[in-house]
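A quick write-up on the structure given underneath.
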2 protein chains.
Amino acid sequence: MQVTIKDIAKKTGVSYATVSRALNGRSGVKEDTRELILEVARKMGYQPNAIARGLVLKHTHTLALVIPDITNPFFPEIARGVEDAASLLGYSVFLCNTNWEANKEKLYLKTLQEKRVDGIILHPSHDVQDNHFLDFQVPVVLLNKIPNVVEYSSIEVDNVMGGFIATKHLIEAGYKKIAFIGGSENSPSNAERKEGYKLALRKYKLPIDESLILSGKFNSESGYHNLKKLIYSGNTPDAVFGGNDVIALGVLHCAQEHGLRIPEDFGIIGFDDIPYASLPQIQLTTIEQPKYQMGRHAIELLMRAIKEEKADEVKRIILEPKLKARKTTREVPNNKAIKY
Amino acid sequence: MQVTIKDIAKKTGVSYATVSRALNGRSGVKEDTRELILEVARKMGYQPNAIARGLVLKHTHTLALVIPDITNPFFPEIARGVEDAASLLGYSVFLCNTNWEANKEKLYLKTLQEKRVDGIILHPSHDVQDNHFLDFQVPVVLLNKIPNVVEYSSIEVDNVMGGFIATKHLIEAGYKKIAFIGGSENSPSNAERKEGYKLALRKYKLPIDESLILSGKFNSESGYHNLKKLIYSGNTPDAVFGGNDVIALGVLHCAQEHGLRIPEDFGIIGFDDIPYASLPQIQLTTIEQPKYQMGRHAIELLMRAIKEEKADEVKRIILEPKLKARKTTREVPNNKAIKY
DNA sequence: TTGAAAGCGCTAACAA
DNA sequence: TTGTTAGCGCTTTCAA
């Protein structure tokens, strides 16, 4: 059996209230008694029971990170950022994989509330339209925007800016026929990246050709097949902006298989900067999302909500995406750089 | 404020013991009352308090996965296996990154005990010699062997077999001068893989050349530099068995940079089969560890320890590693395959 | 400086 | 079938 403060009280001959005070470093305990208690506690191998404490204090120093899939290369760094920041503040964090299933997400959210987590960081599954987490007691911060949901703090990256920068880079590098091969149609971030793409084309007076704008899934097969489709329909672009890195990797694979010379005749840019992208054998040009920082910021936001009783204060942190020019796009000649 | 069983009791006019019974589906509640209670609970938005329940039941339905770094491509799949299996059984899991630091590991283990997790899955940092988790109340299963520690269940892959298979594959493919570029000297799994390597050389009558056996760190820089060292000392091998995939990737990079033709003149095999390895642009031949399964099995073992009060029963599950022949090694001609 | 006692929300004996 | 009550391990008033 675990030793409790009562055991310590018995051993030391004081009341267990005093033991509690001593153990928690509260004032109003004679130095002698405190030392005695601490000593005895140590000797008996006392481990405070966080459950009991949580029951009375009404907080658990426990958080949760609810994401679609830790196996998706986009998430581990976020998770690490979350966990590092949380542990620094004395919080533990539950990891929950929803597997992109709204039902699983719903179930987790319920369980987590029952476990009385102090806060939740949530990357919702795209397809969640019913916002089942809207009647929440627990503070939550979102890891991406949900259309029409404004009641939560969130940390986001500026996807339209990212899409713009990506496309601009392609244009500056001299590519002329630039396709957008995106992911799911009803992903808000996908839509925003596409918007950035169109913005850039428009700004630099390139035609917007709808036949060059494809969508599919956020996996490499989708990227692969969409480029293939373009090639076989005789509509081969000379550059592709992929909706994310995984798609771009599929595009890269397809382009290589079809003997397209990269980056000379064919440019590819992705989005996210997942770890794969920087492998020497890949060297994918991409738009970086500051994943680790996103995790940290999410914790910051969550702490505001938890600590300051400002559950109502909604704050959005919008992070800037950055271009990582690598080897799947031509270098931009200095003199050709478009003024921005 | 959250609604409690007392609130429900008041509303329905029964005692709160009855409410508890009804809510937990315990027998001995008239069907009418049960329905009433359930109905009222639903209406009031009752959320059972798992903390309070945990306090009396003395379990929390909470587990922890303590690993060095979720950002390391070896771990996400394990984590997924753990989480999937755990959630199926109604458990939540804490994710803890020790960052390879024994101190952090120690701290987490302490916290987790205080939080009264029901069990822990631990991948210890290599360099932990003092086994600070030895005085544990909580069931733990280990994700790799620790020398001289036999008191815990563990799930392991047979590293010497893996090393043997890897080397055998290289030999069968016709490589003659096979180097082993490993990771940390004091990593047990590294030592075992090296042992398998030597075993294979011996068995197939190839000389064991200590100048071809290098160690370093478990990162790609280490692999890169160790091969470079070999090359510049005029001791270039015609194949390398990397202590893990990340090392092998570094080796691959170096080999490519130095114009070695892969796999014709130079073969590379790794260990782990991390996701990178199967990218079309990489196609690294490697020894697969069944990571997802390891996670699931770990949960199995943990459940035995938790449920059956067999905390003392120590069980090891030893998984078989498998060869994944891809493009960084020559194909093994059928007739040349060595009988095993 | 210390102790007695209530109570956090719940489960489970024991009685009725 | 239902209610009463003790108690899980702890914190925190209130009194002494």
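Qualifying side-chain hydrogen bond (donor to acceptor under 3.5 Å, both in side chains) partners for Asn103(A), counting only residues two or more places apart in sequence or in other chains: none. Listed by chain and residue number, His59(B), Tyr91(B) satisfy the ring pair (Phe, Tyr, Trp, His ring centres under 6.0 Å) test with His61(B) (two or more places apart in sequence, or in another chain). Listed by chain and number, the residues in a side-chain hydrogen bond (donor to acceptor under 3.5 Å, both in side chains) with Tyr292(B) are Asp84(B), Arg296(B) (sequence neighbours excluded). With sequence neighbours excluded, the residues that form a side-chain hydrogen bond (donor to acceptor under 3.5 Å, both in side chains) with Arg53(B) are Asn24(B). Here Lys115(A) pairs with Thr62(B), Ser92(B) under the side-chain hydrogen bond (donor to acceptor under 3.5 Å, both in side chains) rule; sequence neighbours left out. For Pro275(A), the side-chain contact (heavy atoms from CB on, under 4.5 Å) partners two or more places apart in sequence, or in a different chain, are Pro73(A), Glu77(A), Tyr276(B).
His123(A) and Phe74(A) have perpendicular rings, their planes meeting at more than 60° on a 0 to 90° scale where under 30° would count as parallel.
In this structure, Ile5(A) atom CD1 and dC8(D) atom C1' are separated by 12 Å, rounded to whole Å. Following rounding to the nearest Å, Arg53(A) (CZ) and dG9(D) (P) show an atom-to-atom distance of 14 Å. Regarding Lys10(A), its NZ atom lies at a distance of 11 Å from the P atom of dG9(D), rounded to whole Å. The distance between atom CG of Asn24(B) and atom C1' of dT1(D), rounded to the nearest whole Å, is 17 Å. Following rounding to the nearest Å, Gln47(A) (CD) and dC10(D) (P) show an atom-to-atom distance of 11 Å. Note: CD (Glu31(B)) to P (dT2(D)) measures 10 Å, nearest angstrom. Nucleotide dG9(D) holds its P atom 12 Å from the CD1 atom of Ile8(A), rounded to whole Å.
Contact annotation: Thr33(B) side-chain N/O to dT2(D) OP1/OP2 distance is under 4.0 Å. Between dT11(D) and Lys58(A), no contact under 4.0 Å exists linking OP1 or OP2 to a side-chain N or O.
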Atom pairs under 3.5 Å: protein N/O with N/O of nucleotides 12-16 of chain D:
{"from": "dT12(D)", "atom 1": "OP2", "to": "Arg26(A)", "atom 2": "NH1", "distance (Å)": "2.5"}

Please tabulate, for the side chains in residues 31-38 of chain B, all donor-acceptor contacts under 3.5 angstrom to protein atoms that are two or more places apart in sequence or on a different chain.
{"from": "Thr33(B)", "atom 1": "OG1", "to": "Lys30(B)", "atom 2": "O", "distance (Å)": "2.9"}
{"from": "Arg34(B)", "atom 1": "NH1", "to": "Ala22(B)", "atom 2": "O", "distance (Å)": "3.3"}
{"from": "Arg34(B)", "atom 1": "NH2", "to": "Arg26(B)", "atom 2": "O", "distance (Å)": "2.8"}

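Within the structure, salt bridge (Lys or Arg N to Asp or Glu O under 4.0 Å) contacts touching residues 6-23 of chain A (residues at least two apart or in different chains) do not occur. For the salt bridge (Lys or Arg N to Asp or Glu O under 4.0 Å) condition, the pairs that include at least one residue of residues 56-72 of chain B, sequence neighbours left out, are Arg80(A)-Asp69(B).
Looking at heavy atoms from C-beta onward, Val66(B) lies out of side-chain contact with Val140(B) at the 4.5 angstrom threshold.
Helix-axis bend for the helix from dT1(C)-dA16(D) to dA16(C)-dT1(D): the local axis fitted to the five terminal pairs at one end deviates from that at the other end by 40°, rounded to 10°.
In the 5' to 3' direction, nucleotides of DNA chain C lying under 4.0 Å from heavy atoms of chain A begin and end at dT1(C) to dG9(C).
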